[in-house]
Amino acid sequence: MFSWFTQMPVIVQTIILLSISNTVMLCAWYGHLKIGGPRTWIMTVVISWAIAFFEYLFMIPANRIGYTAMSVAQLKILQEVLSLTIFVPFMVLFMKEPLRLNYLWAALCMVGAVYFIFKR
């Protein structure tokens with residue numbers, strides 16, 4: 001059924017799954033700030049945990065697949081880069097917060113982190 005997916009390079013499979021995971025995570029962790037309404041904090045936690053369950057359905061396979069070709073440090077840096085890449089548009093478009101130059105500097109630091117972690 002998913003043979004087209006398993007034929008992709010490991011890093012591509014990992015990036016796709018981690019991207020989905022990060023998108024779902026943003027909804028679980030920050031979506032309630034925008035659309036939470038008057039719910040109690042405990043109800044918000046329960047709803048966020050329910051959403052986070054679906055994050056794990058993508059994150060766990062992503063890490064297991066990625067670990068066949070990358071180290072744990074490489075997986076973590078890849079996840080952080082994807083997180084920042086997905087978080088900034090989410091913050092600007094969904095949360096309506098201003099885009100700041102600091103995000104560019106943070107991204108450049110991440111590029112450095114990727115370089116050093118993936119350097120042989």
Side-chain angles (χ1 to χ4, degrees):
M1 181 174 175
F2 294 106
S3 62
W4 59 271
F5 184 77
T6 58
Q7 293 175 1
M8 293 179 183
V10 166
I11 194 158
V12 173
Q13 292 177 47
T14 304
I15 288 171
I16 290 169
L17 292 172
L18 284 177
S19 295
I20 295 168
S21 170
N22 270 281
T23 302
V24 174
M25 176 198 66
L26 286 174
C27 294
W29 286 12
Y30 301 107
H32 64 88
L33 298 174
K34 186 75 169 181
I35 58 173
R39 292 185 186 94
T40 63
W41 71 268
I42 194 71
M43 181 57 79
T44 302
V45 167
V46 170
I47 291 168
S48 292
W49 279 351
I51 294 168
F53 168 77
F54 293 99
E55 173 205 351
Y56 275 71
L57 290 178
F58 293 99
M59 188 262 302
I60 298 298
N63 285 326
R64 292 175 63 95
I65 291 167
Y67 190 60
T68 65
M70 292 177 272
S71 70
V72 174
Q74 290 170 331
L75 280 169
K76 182 59 180 168
I77 290 298
L78 178 60
Q79 188 277 327
E80 292 298 337
V81 168
L82 290 170
S83 182
L84 182 65
T85 303
I86 294 167
F87 181 73
V88 171
F90 170 84
M91 184 192 55
V92 171
L93 299 173
F94 183 73
M95 299 300 290
K96 304 292 186 211
E97 293 196 11
L99 182 62
R100 300 183 196 277
L101 193 55
N102 292 354
Y103 306 129
L104 173 63
W105 306 133
L108 290 174
C109 290
M110 295 292 254
V111 168
V114 168
Y115 172 78
F116 288 113
I117 290 294
F118 282 88
K119 184 178 186 236
R120 299 263 175 218

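All residue numbers refer to positions in the sequence shown, counting from 1.
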query = What residues, two or more places apart in sequence or in another chain, satisfy salt bridge (charged side-chain N to carboxylate O under 4.0 Å, His left out) together with Glu80?
reply = Lys76
query = Which heavy atom of Ala52 sits nearest a heavy atom of Ala28, and at what distance?
reply = N-CB, 4.0 Å
query = Does any N or O in the side chain of Ser48 come within less than 3.5 Å of the main-chain N or O of Trp29, such that one atom is a donor and the other an acceptor?
reply = no
message = If we ignore hydrogens and angles and just use 3.5 Å, is the side chain of Thr23 paired with the main-chain N or O of Ser19 as donor and acceptor?
response =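 Looks like yes, one N/O pair under 3.5 Å.
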Pairwise distance [atom1]([X]) to [atom2]([Y]) - rounded to 0.5 angstrom:
| X | Y | atom1 | atom2 | answer |
| --- | --- | --- | --- | --- |
| Ser83 | Leu78 | OG | CG | 11.0 Å |
| Leu17 | Met59 | CG | CE | 11.5 Å |
| Leu82 | Asn22 | CG | CG | 6.0 Å |
| Ile86 | Leu18 | CD1 | CG | 8.5 Å |

Name each donor-acceptor pair under 3.5 Å that joins a side chain in residues 7-14 to protein atoms two or more places apart or in another chain, with its distance.
unit_1 : atom_1 : unit_2 : atom_2 : d
Gln13  : NE2    : Thr6   : O      : 3.3
Gln13  : NE2    : Met8   : O      : 2.8
Thr14  : OG1    : Val10  : O      : 2.8
Thr14  : OG1    : Gly66  : N      : 3.3

Contacts under 3.5 angstrom, residues 110-120 side chains, donor-acceptor by atom type, not counting sequence neighbours:
none

message = Could you work out, with side-chain contact (heavy atoms from CB on, under 4.5 Å) as the rule, every residue matching Ser71, not counting sequence neighbours?
response = Ala73, Gln74
With a 3.5 Å cut-off and sequence neighbours excluded, list the donor-acceptor pairs that the side chains of residues 93-106 form with protein atoms.
unit_1 : atom_1 : unit_2 : atom_2 : d
Lys96  : NZ     : Leu93  : O      : 2.9

Hydrophobic cluster identity match, [X] and [Y], side-chain contacts under 4.5 Å:
| X | Y | answer |
| --- | --- | --- |
| Leu108 | Val88 | no |
| Trp41 | Ile51 | no |
| Phe5 | Ile60 | yes |

inquiry  = Enumerate the ring pair (Phe, Tyr, Trp, His ring centres under 6.0 Å) contacts for residues 42-85, please, sequence neighbours excluded, ordered by first and then second residue.
reply    = none
